[in-house]
Amino acid sequence: QVQLVESGGGLVQPGGSLRLTCAASGRTFSIYAMGWFRQAPGKEREFVAAFTWSGSLPLYADSVKGRFTISRDNDKNTVYLQMNNLKPEDTANYFCAVKRSTGSYYQSRTYDDWGQGTQVTVSS
């Protein structure tokens, strides 16, 4: 199992930026891919961004493409989500997750381990 701890959420005005951090520990050698998902109240959890641990091109949801950037520090087993030009519709609880095998990057059910989440609120 991989333990994940997210941080960096908060309250920001529209147009502002935040950087989320996800620190992984435990059986990190088993990680095949890591991703970010988000869930707003009353809505289903949705895909935000992901990449494979071996370094394939990152994937983004259309709603965040051009505004969000996923990156990583392999030495620290840490993944980041830089979020720029934030909009009120980006308000959600953001979760980090890992996959230990192949399968769709876009579906939450294919991810094996999850963090507790960090709240992002975009409001004036």
Side-chain angles (χ1 to χ4, degrees):
Q1 190 175 4
V2 177
Q3 291 77 45
L4 302 168
V5 178
E6 303 98 333
S7 60
L11 173 64
V12 63
Q13 292 186 342
S17 298
L18 283 174
R19 188 176 81 156
L20 304 184
T21 298
C22 175
S25 62
R27 298 172 65 86
T28 57
F29 62 86
S30 66
I31 296 174
Y32 176 78
M34 292 188 71
W36 287 95
F37 286 75
R38 66 186 182 186
Q39 188 167 19
K43 294 188 176 181
E44 293 188 354
R45 191 167 296 189
E46 65 173 0
F47 171 81
V48 176
F51 56 63
T52 63
W53 209 237
S54 63
S56 67
L57 290 175
L59 302 170
Y60 296 98
D62 288 342
S63 58
V64 307
K65 205 171 291 184
R67 300 188 298 121
F68 290 12
T69 303
I70 188 171
S71 62
R72 66 183 182 199
D73 183 333
N74 284 3
D75 291 338
K76 296 181 180 179
N77 288 325
T78 300
V79 174
Y80 306 97
L81 185 68
Q82 178 67 43
M83 306 185 296
N84 298 328
N85 190 22
L86 283 160
K87 304 175 181 180
E89 51 264 41
D90 294 317
T91 295
N93 200 3
Y94 283 70
F95 297 88
C96 176
V98 301
K99 291 169 55 66
R100 295 196 228 106
S101 60
T102 59
S104 171
Y105 293 100
Y106 299 96
Q107 297 180 343
S108 61
R109 62 179 175 81
T110 69
Y111 288 74
D112 300 291
D113 301 303
W114 292 82
Q116 298 281 344
T118 184
Q119 178 67 35
V120 172
T121 302
V122 185
S123 175
S124 55

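Just so we're clear, the structure is a prediction, and the values are computed from it rather than from any experiment. We count residues from 1, following the sequence as given.
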Say you draw a straight line from [atom1] of [X] to [atom2] of [Y]; how long is it, rounded to the nearest 0.5 Å?
X	Y	atom1	atom2	value
Leu4	Ile31	CG	CD1	7.0 Å
Gln82	Thr21	CD	OG1	9.5 Å
Cys22	Glu6	SG	CD	5.5 Å
Met34	Thr78	CE	OG1	8.0 Å
Glu89	Ser63	CD	OG	9.0 Å
Tyr106	Leu59	OH	CG	4.0 Å

Task: Atom CD of Glu44 with >12 non-hydrogen neighbours under 6.0 angstrom - done: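 Atom CD in Glu44 is not crowded, with 12 or fewer foreign heavy atoms closer than 6.0 Å.
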
Open item on the list: Is it the case that atom NZ in Lys76 sees more than 12 heavy atoms from other parts of the structure closer than 6.0 Å?
Closed with: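 At most 12 heavy atoms, drawn from other residues, nucleotides or ligands, come within 6.0 Å of this atom.
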
Open item on the list: Walk me through whether Arg27 and Asp113 qualify under salt bridge (Lys or Arg N to Asp or Glu O under 4.0 Å).
Closed with: CA-CA 11 Å; Arg27 298 172 65 86; Asp113 301 303; over 6 Å; no

Open item on the list: Is it the case that the ring center of Tyr111 lies less than 6.0 angstrom away from the ring center of Tyr105?
Closed with: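 Ring centres of Tyr111 and Tyr105 not closer than 6.0 Å.
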
Task: Centroid-centroid under 6.0 Å between Phe95 and Phe37 rings - done: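 Phe95 vs Phe37: aromatic centres not under 6.0 Å.
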
TODO: State yes or no: do Leu81 and Phe47 share one hydrophobic cluster built from I, L, V, M, F, W and Y residues joined by side-chain heavy-atom distances below 4.5 Å, directly or via other members?
DONE: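 Each belongs to a different hydrophobic cluster.
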
- [ ] State whether Tyr32 and Lys99 meet the cation-pi test: NZ (Lys) or CZ (Arg) under 6.0 Å from the six-membered ring centroid, and within 45° of the perpendicular axis.
- [x]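 Here Lys99 fails the 6.0 Å and 45° test against Tyr32.
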
- [ ] Give a yes/no verdict on a cation-pi contact between Arg72 and Tyr80, requiring under 6.0 Å between NZ or CZ and the six-membered ring centre and an angle within 45° of the axis.
- [x]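 Checked: cation-pi criterion not met.
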
Are any of the side-chain heavy atoms of [X] and [Y] separated by less than 4.5 Å?
X	Y	answer
Val98	Trp114	no
Gln116	Cys96	no
Lys87	Val122	no
Ser30	Val2	yes
Arg38	Val64	yes
Val120	Leu18	yes
Pro88	Pro14	yes
Gln13	Leu86	no

For [X] against [Y], the heavy-atom pair lying closest together:
X	Y	result
Asn85	Asp90	O-OD2, 4.4 Å
Gln1	Gln3	O-NE2, 3.8 Å
Tyr94	Leu20	CB-CD1, 3.6 Å
Phe51	Ile70	CE2-CG1, 3.4 Å

- [ ] Apply side chain to side chain contact (heavy atoms under 4.5 Å, CB included) to the pair Arg67 and Lys65, showing each step before the final yes or no.
- [x] CA-CA 5 Å; Arg67 300 188 298 121; Lys65 205 171 291 184; over 6 Å; no

Task: Whether Thr110 side chain and Gln107 backbone form a donor-acceptor pair below 3.5 Å - done: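 Present.
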
Task: Main-chain N/O of Thr118 paired to Asn93 side chain as donor or acceptor, under 3.5 Å - done: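 Indeed, once roles are kept as given, a pair shorter than 3.5 Å links the two residues.
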
- [ ] Output, in order, the C-alpha distance, side-chain angles, deciding distance and verdict of ring pair (Phe, Tyr, Trp, His ring centres under 6.0 Å) for Phe68 and Trp36.
- [x] CA-CA 11 Å; Phe68 290 12; Trp36 287 95; 9.9 Å; no

TODO: Could you verify whether a donor N or O on one side chain and an acceptor N or O on the other, from Asn84 and Ser17, lie under 3.5 Å apart?
DONE: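 Yes.
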
